[in-house]
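In what follows, a structure is listed as structure tokens, so that the remarks can point back to it.
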Amino acid sequence: MKKLFSKSKVAIVTGGNQGIGFGISKCLLEKGFKVAIFGRDQKGMDEAIKKMVKMKFEKSNIFAVICDVSSEENWEKGVNEVMKKWGKINALVNNAGILVQKPISETTMEDMEKVLHTNLIGSFFGIKICSKKMKKGSAIVNIASVAGLKGFSNLSAYCSSKFGLVGLTKVAALELAEKGIRVNAVCPGLIDTPMTKDVMSQKAVKEAYLNSIPLHRAGTPEDIGHMVALLADENSSSYCTGGVYVVDGGMIA
Ligand code: NDP
């Protein structure tokens with residue numbers, strides 16, 4: 001018998017258990033999406049779901065899927081699980097990412113490979129595998145960074161991965177346009193998350209950063225989530241593809 005799936009849209013958010021990914025998941029749930037959180041840490045994802053339920057989101061609209069984004073095999077398995085559960089994928093948000101902060105002279109091949117494999121190749125796997133299941137009107141949003149548009153000292157691996165992700169976004173937008181799938185990148189500036197806790201917890205360092213931001217504050221995960229929800233939704237951004245949206249309080253203006 002043919003299975004009946006609900007009409008609401010389905011999104012995958014990688015690294016959705018904390019930080020920006022959590023903010024994105026929340027904003028997508030508010031827009032009426034069902035959200036599959038892809039992550040490595042079952043306990044972290046269970047805790048995130050508990051938090052979302054406390055915020056009054058329906059537990060049945062959230063699904064935790066174990067997936068290390070740097071593994072193509074994990075991606076295949078995770079996407080199949082979502083298809084089995086909800087029967088479709090309307091949006092993919094490639095958010096999972098890691099940061100290594102070292103001068104080039106100290107950056108090892110392992111550092112370079114780890115960062116590129118997670119931030120860039122992980123997103124490539126997501127685009128390749130999800131786009132095969134996506135229909136006209138679907139959207140992919142890649143979370144790059146202002147470090148994908150401008151160089152920052154001590155971030156050689158990270159900047160390389162994020163510049164690469166901006167390039168990948170544009171190529172995917174060109175190739176997937178004929179299928180009616182839109183692909184955009186969001187470039188956050190300084191956002192208050194576990195990734196930036198070193199910056200945010202040192203008064204002098206934090207102040208120096210804030211002085212470089214015209215709006216003089218760090219962004220919140222929801223600042224990014226609102227932009228992603230707009231780009232993920234065909235009703236609000238049907239003519240946007242191949243775009244790069246900076247959300248940085250004016251940092252690189
Ligand atoms: P966090 O470190 O708080 O969260 C990163 C998330 O990615 C975690 O859930 C982590 O899961 C997940 N993750 C990392 N590696 C993998 C992997 N191999 N497979 C699956 N999940 C993985 O970072 P943010 O929320 O700050 O960052 C989110 C994205 O935004 C990143 O791509 C980052 O580069 C980008 N960004 C962040 C900025 C900021 O100021 N915070 C600025 C610009 C861009 P786990 O618990 O398993 O580690």
Side-chain angles (χ1 to χ4, degrees), residues 12-27 35-49 51-52 64-75 77-79 92-101 111 113-126 129 141-150 152 155 157-166 168-169 185-201 205-206 209-210 212-213 217-225 227-228 244-249 251-252:
I12 292 174
V13 181
T14 65
N17 60 304
Q18 67 175 44
I20 292 176
F22 187 87
I24 293 170
S25 300
K26 240 177 66 185
C27 291
V35 175
I37 296 174
F38 276 33
R40 297 177 290 191
D41 168 23
Q42 184 71 56
K43 200 165 151 245
M45 290 194 287
D46 290 345
E47 277 164 17
I49 292 179
K51 259 208 251 174
M52 288 171 184
V65 177
I66 286 286
C67 174
D68 179 332
V69 297
S70 63
S71 156
E72 189 169 18
E73 208 185 324
N74 276 205
W75 265 109
K77 205 165 154 277
V79 165
L92 163 67
V93 185
N94 282 310
N95 163 78
I98 54 170
L99 176 86
V100 169
Q101 204 165 357
D111 292 329
E113 273 181 358
K114 202 167 75 177
V115 173
L116 288 173
H117 231 110
T118 305
N119 299 3
L120 178 58
I121 298 174
S123 303
F124 163 75
F125 288 149
I129 293 164
V141 184
N142 296 321
I143 306 304
S145 169
V146 288
L149 300 171
K150 176 187 179 306
F152 289 84
L155 292 184
Y158 188 77
C159 278
S160 304
S161 72
K162 297 298 188 177
F163 269 77
L165 187 53
V166 169
L168 177 62
T169 300
V186 171
C187 291
L190 176 69
I191 311 299
D192 190 358
T193 70
M195 185 181 271
T196 53
K197 71 173 183 305
D198 284 351
V199 170
M200 298 304 285
S201 61
V205 181
K206 180 179 168 185
Y209 267 97
L210 296 190
S212 73
I213 301 170
R217 70 167 175 90
T220 64
E222 290 75 15
D223 286 327
I224 306 306
M227 177 59 88
V228 171
V244 178
Y245 297 85
V246 177
V247 184
D248 71 342
M251 189 195 237
I252 62 160

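In this chain, numbering begins with 1 at the start of the sequence shown. These numbers were taken from a predicted model, which means no experiment stands behind them. Order of listing sets the numbers, starting from 1, for every ligand and every atom in it.
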* Closest candidate by heavy atom, reference atom 22 (C) of ligand 1, pool G19, A218, A96 -> A96

* Asked: Taking atom types as modelled, is there a side-chain donor on N142 or S123 under 3.5 Å from an acceptor on the other?
  -> no

* **Carboxylate-amine/guanidinium contact K150 D248, below 4.0 Å** => no

* Taking atom 1 (P) of ligand 1 as the reference point, the nearest protein heavy atom with its distance -> Q18 NE2, 3.2 Å

* Structure fact -> Here the atoms of ligand 1 under 4.0 Å from any heavy atom belonging to P194 are 3 (O)

* Asked: Any N or O of P188 that comes nearer than 3.5 Å to an N or O of ligand 1?
  -> no

* What do you reckon, does C187 put a non-hydrogen atom under 4.0 Å from ligand 1? -> no

* Structure fact -> Note: ligand 1 atoms sitting under 4.0 Å from heavy atoms of A144 are 35 (C), 44 (C)

* Run the numbers for me: atoms of ligand 1, each under 4.0 Å from some heavy atom of L190, listed by number. => 40 (O)

* **Option whose closest heavy atom lies nearest to atom 40 (O) of ligand 1, chosen from N94, L99, I191** => I191

* Structure fact -> Shortest non-hydrogen pair, V247 vs I191, comes out as O-CD1, 4.4 Å

* Which ligand 1 atoms does T196 reach within 4.0 Å, using its non-hydrogen atoms? -> 39 (C), 40 (O), 41 (N)

* Asked: N/O of G21 under 3.5 Å from N/O of ligand 1, yes or no?
  -> no

* Which of these, T193, I224, V199, has its nearest heavy atom closest to atom 26 (O) of ligand 1? -> T193

* Which of the atoms of ligand 1 are close to I98, meaning less than 4.0 Å from one of its heavy atoms? -> 14 (C), 15 (N)

* Asked: Under 3.5 Å, side chain of N95 to main-chain N/O of I143, donor-acceptor pair present?
  -> no

* When only distance counts, is G189 in polar contact with ligand 1, meaning an N/O pair under 3.5 Å? -> yes

* Structure fact -> Of all heavy-atom pairs linking N94 and G126, the shortest is OD1-CA, 4.2 Å

* Under the side chain to side chain contact (heavy atoms under 4.5 Å, CB included) rule, what do F152 and V146 come out as? Steps first, then yes or no, please. => CA-CA 9 Å; F152 289 84; V146 288; 3.9 Å; yes

* To do: Considering only non-hydrogen protein atoms, determine which one is nearest to atom 14 (C) of ligand 1 and report residue, atom name and distance to 0.1 Å.
  => R40 NH2, 3.5 Å

* Distance from atom 12 (C) of ligand 1 to nearest protein heavy atom, with residue and atom -> G15 CA, 3.8 Å

* To do: Identify the heavy atoms of G19 and P221 that sit nearest to each other, and give their distance.
  => O-CB, 3.4 Å

* Closest contact, heavy atoms only, M45 versus V65 -> CE-O, 3.5 Å

* To do: Using non-hydrogen atoms of the residue, decide whether T14 is closer than 4.0 angstrom to ligand 1.
  => no

* N/O separation below 3.5 Å, D41 to ligand 1 -> no

* Structure fact -> Per-atom filter on ligand 1: closer than 4.0 angstrom to a heavy atom of C67 are 19 (N), 20 (C)

* Asked: For F22, is the NZ or CZ atom of K26 found under 6.0 angstrom from the centre of its six-membered ring and inside 45 degrees of the ring axis?
  -> no

* N17 N/O under 3.5 Å from ligand 1 N/O -> yes

* Protein contact to atom 28 (C) of ligand 1 [nearest heavy atom, distance to 0.1 Å] -> N95 OD1, 3.2 Å

* Only heavy atoms count here, so choose which of N119, V186, I143 is nearest to atom 30 (O) of ligand 1. => I143

* Asked: Within the distance-only criterion (no hydrogens, no angle test), does the side chain of T14 pair as donor or acceptor with the backbone N or O of A96 below 3.5 angstrom?
  -> yes

* Structure fact -> Note: S25 and I37 closest approach over all heavy atoms is OG-CG1, 4.2 Å

* Considering only protein heavy atoms, which is closest to atom 19 (N) of ligand 1, and at what distance to one decimal place? -> V69 N, 3.0 Å

* H117 to ligand 1, any heavy atom closer than 4.0 Å -> no

* Y158-ligand 1 polar pair, N/O distance under 3.5 Å -> yes

* To do: Determine which pairs satisfy side chain to side chain donor-acceptor pair (under 3.5 Å) with at least one residue from residues 35-46, sequence neighbours left out, and list them in order.
  => Q42-D46

* Backbone N or O of V69 within a donor-acceptor pair of the W75 side chain at under 3.5 Å? -> yes

* **Heteroatom distance test (D68, ligand 1): nitrogen or oxygen, under 3.5 angstrom** => yes

* To do: Return yes or no for this condition: an N or O of I20 is under 3.5 Å from an N or O of ligand 1.
  => yes

* Count the heavy atoms of every other residue, nucleotide or ligand shown that sit under 6.0 Å from OH of Y245, and state whether that count exceeds 12. => yes

* Which heavy atom of Y209 sits nearest a heavy atom of V199, and at what distance? -> CD1-CG1, 3.4 Å

